[in-house]
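Because only heavy atoms are used, hydrogens play no part in the values below, and waters and symmetry mates are left out as well, while side chains stay in. Ligands are counted one by one from 1 in listed order, and the atoms in each one are counted from 1 as well. Residue indices begin at 1 and follow the sequence shown. Just so it is clear, the model here is predicted, and its values are computed rather than measured.
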Amino acid sequence: MFVASKFPQQLGQSGWVAMLPRRTPRPSLNGTVSADIAVIGGGFAGLSAARRLSQLDPNLRVVVLEAGEIAEGATGRNSGFVIDLPHEVSSEDYGGSDNDARKHDIQVHRMAIALARDLAEEKGWGKDIFDPCGKYNVALGARGDKHVVSYAQQLDKVREPYKLLDAKEIASVTGTNSFTSAIFTPGTVIIQPAAYVRGLADSFHHPVTLYEKTPALSFDREGASWKIRTPNGVVNAGKIILANNGQAQSFGLFRGQLLHVYTYASMTAEFDPRRLGGQRSWAATPAFPMGTTVRRVQGEKGDRILVRSRYTYNPGMQVSEGAIARAGRVHDRKFDARFPMLKGVPMQYRWAGAMALTWNGVPAFGEIEPGVFAAIACNGVGATKATASGIAAAEAAVGLDSWLVQVFRSFAAPKQLPPQPFLTIGATANLSMKEWSAGLE
Ligand SMILES: Cc1cc2nc3c(=O)[nH]c(=O)nc-3n(C[C@H](O)[C@H](O)[C@H](O)COP(=O)(O)OP(=O)(O)OC[C@H]3O[C@@H](n4cnc5c(N)ncnc54)[C@H](O)[C@@H]3O)c2cc1C
């Protein structure tokens, strides 16, 4: 029997949710239901799995259990970059000579983007929710400029298109002279993450049923099926897809294999778009992987800037208001340095969110018990990786040996982490060192 010892904690008000009208959550589970497949977790992985299952067999009875409300979790509170090209292509992980492995990653990411694009077309979404506008990698000085150039060289090797921009050209996009160079890649899609995930959740209809505010408390084998207990109900399911990211560990799974890292975001109040030149909507990741992500979000009453930076290692899967405040001070400094023309525009929302990484950067994927399929460990880029692992878990659960399933099955197992206290000391030091080396970026 697998019993959850912990449930997700969501701290800080996500600006993405606050910008949307109120939504009535789907009712929580009361009583006993049966399903062919039950999905635990209503984020990118779980909802993509449910969507894929309904595509594979529209008669399949699928139950999705979400502990909180849709969009409250990391899926609804991220920066909204659905990347096709790894944004750490300039780091050691992607610096080797194994171009084929990189090509796989890119294809996998593009399959995830295809699912999102399909949904956007079905929903008739505009660019405010799903914008296939590409992204900029921006530099803030000579070291960043060097990274931009080396990223371009790596993209040459994998024959991916890009455009290099000098300081004047990137200023004409962002409206600020702070950036010294940039590289544009066209394949990334930018989403309003909370609107996206709500839309995905609300696209389900019979026989796919989503229960919100319904944490899975435990699951246990009963004959040929699985019994999942929730606070006021039971799901009897033939199979389970476990898609609750780092919280999988609270069921005693992947012990000592998941690194629980939090990252933080702040979003400004609306400002008069005439105060900042350039385009009204753009999205930029830093030249250094551990640097600061910035987005300009166009709104009807004004525009906003999103700043995302800081990472903390929190093995207890909890952060404090103090951590959000500390990250907020860093965000304020980054914002002031990049947008002096917006002096006085306050941050309206600040929040934190959880990610699950593995030591060797692989997903925690596969049939971990007979009939239980894991789509865990987003490795920080869940909009694509968790989506893809959810699709692959759905395909594996119905016995489809697709190309995607084969790719996911070919990953090595997550490496065992070093024992405590060395892990905490090492992980914290490593994050601090990488943040320090990212400097201004
Ligand atoms: C501030 C921030 C910015 C980010 N920016 C980006 C970005 O731009 N691009 C990108 O690709 N990634 C980004 N990420 C990472 C991305 O958000 C995650 O990788 C992604 O959300 C992982 O998706 P998931 O479905 O695996 O897990 P989650 O989004 O964590 O979803 C898991 C769900 O499971 C639910 N759950 C947990 N336990 C239970 C239980 N017992 N029963 C039922 N439900 C349960 C949780 O409530 C949660 O909703 C960012 C993250 C943060 C915090």
- Message: I need the atoms of ligand 1 closer than 4.0 Å to a non-hydrogen atom of Gln247, numbered in the order shown.
- Response: 37 (C), 38 (N)

- Pick one of side chain, backbone, both or neither for how Ala383 approaches ligand 1, counting any non-hydrogen atom pair under 4.0 Å. both

- Item | Option whose closest heavy atom lies nearest to atom 37 (C) of ligand 1, chosen from Leu242, Ile376, Leu65, Asn244 | Asn244

- Find the distance between CG (Leu85) and CD (Glu160) and round it off to the nearest 0.5 Å. 5.0 Å

- Just go through Phe44, Tyr211, Phe7 and tell me whose heavy atom is the nearest to atom 20 (C) of ligand 1. Phe44

- For atom 33 (C) of ligand 1, what's the nearest protein heavy atom and its distance? Glu66 OE1, 3.6 Å

- Taking heavy atoms and a distance under 4.0 Å, where does Glu72 meet ligand 1: side chain, backbone, both or neither? neither

- Query: Can an N or O of Ala45 be found at a distance shorter than 3.5 Å from an N or O of ligand 1?
  - Reply: yes

- Determine the interplanar angle of the Phe2 and Phe219 rings, folded into 0 to 90°, and report it as parallel if under 30°, tilted if 30 to 60°, perpendicular if over 60°. parallel

- Message: Would you say the rings of Tyr349 and Trp16 are close, in the sense that their centroids are separated by under 6.0 Å?
- Response: no

- Message: To the nearest 0.5 Å, what is the distance between CG on Asp131 and CH2 on Trp125?
- Response: 13.0 Å

- Counting each atom of ligand 1 from 1 as listed, which ones have a heavy atom of Val381 under 4.0 Å away? 10 (C), 11 (O), 12 (N)

- Among protein heavy atoms, which lies nearest atom 41 (N) of ligand 1, and at what distance? Ala216 O, 3.2 Å

- Closest to atom 32 (C) of ligand 1 (heavy atoms only, candidates Ala243, Gly68, Gly73, Gly12) is Ala243

- Residue-ligand contact Pro215/ligand 1, heavy atom below 4.0 Å: yes

- Item | Tyr264 ring center near His331 ring center (under 6.0 Å) | no

- Proximity of Phe373 and Phe365 rings by center, below 6.0 Å: no

- Query: What residue and atom, counting heavy atoms only, is the protein's closest point to atom 18 (C) of ligand 1, and at what distance?
  - Reply: Cys378 SG, 3.7 Å

- Could an N or O of ligand 1 be found under 3.5 Å from any N or O of Phe81, whether backbone or side chain? yes

- Stepwise side chain to side chain contact (heavy atoms under 4.5 Å, CB included) check, Val294 with Lys334: CA-CA 10 Å; Val294 189; Lys334 306 271 182 192; over 6 Å; no

- Query: Would you say Gly382 has any N or O atom under 3.5 Å from an N or O of ligand 1, going by distance alone?
  - Reply: yes

- Message: Between Arg52 (side chain only) and Ala388 (backbone N and O only), is there a donor and an acceptor less than 3.5 Å apart?
- Response: no

- Starting from atom 12 (N) of ligand 1, which protein heavy atom do you reach first, and at what distance in Å? Gly380 O, 3.3 Å

- Task: Identify, for atom 5 (N) of ligand 1, the protein heavy atom at the shortest distance, and state residue, atom and that distance.
- Result: Ser79 N, 3.0 Å

- Item | Residue and atom name of the nearest protein heavy atom (relative to atom 31 (O) of ligand 1), distance in Å to one decimal | Gly43 CA, 3.6 Å

- Note on the structure: Rounded to the nearest 0.5 Å, the CG atom of Leu258 sits from the NE2 atom of His260 at a distance of 5.0 Å

- Which of parallel (below 30°), tilted (30 to 60°) and perpendicular (above 60°) describes Trp282 and Phe179? perpendicular

- Number the atoms of ligand 1 from 1 as they appear, then name those within less than 4.0 Å of a heavy atom of Ile40, with their elements. 40 (C), 42 (N), 43 (C)

- Message: Using the rule given for side chain to side chain contact (heavy atoms under 4.5 Å, CB included), can you reason through Lys239 versus Asp36, listing the C-alpha separation, both sets of side-chain angles and the distance that settles it, and then say yes or no?
- Response: CA-CA 6 Å; Lys239 290 172 184 167; Asp36 297 305; over 6 Å; no

- Item | Sidechain-backbone polar pair: Thr75 side chain, Phe44 backbone, donor-acceptor under 3.5 Å | yes

- Message: Would Thr75 count as being in polar contact with ligand 1, using the rule that some N or O on each side must be under 3.5 angstrom apart?
- Response: yes

- Message: Can you tell me how the ring of Phe339 sits relative to the ring of Phe335, calling it parallel under 30°, perpendicular over 60° and tilted otherwise?
- Response: tilted

- At under 4.0 Å between heavy atoms, which part of Ser250 makes contact with ligand 1: side chain, backbone, both or neither? neither

- ligand 1 and Ala67, any nitrogen or oxygen pair closer than 3.5 angstrom? yes

- Which ligand 1 atoms does Met355 reach within 4.0 Å, using its non-hydrogen atoms? 15 (C), 51 (C)

- For Arg304 and Gln348, run side chain to side chain contact (heavy atoms under 4.5 Å, CB included): C-alpha distance rounded to whole Å, both residues' side-chain angles, the deciding distance at 0.1 Å, then the answer. CA-CA 10 Å; Arg304 298 175 188 268; Gln348 189 172 3; 2.8 Å; yes

- Any chance you could measure Arg310, atom CZ, to Arg329, atom CZ, to the nearest 0.5 Å? 10.5 Å

- Query: Among protein heavy atoms, which lies nearest atom 53 (C) of ligand 1, and at what distance?
  - Reply: Gly353 CA, 3.2 Å

- A student checking ligand 1 against Ala386 at a 4.0 Å heavy-atom cut-off should list atoms 23 (O), 24 (P), 26 (O)

- May I ask you to identify the nearest protein heavy atom to atom 27 (O) of ligand 1, giving residue, atom name and distance to one decimal place in Å? Asn245 CB, 3.4 Å

- Side chain, backbone, both or neither: which part of Lys385 comes within less than 4.0 Å of ligand 1 when only heavy atoms are counted? neither

- Taken to the nearest 0.5 Å, the spacing of Arg229 CZ from Thr32 OG1 works out to 9.5 Å

- Query: Taking only heavy atoms of Arg77, which atoms of ligand 1 are found under 4.0 Å from at least one of them?
  - Reply: 1 (C), 2 (C)

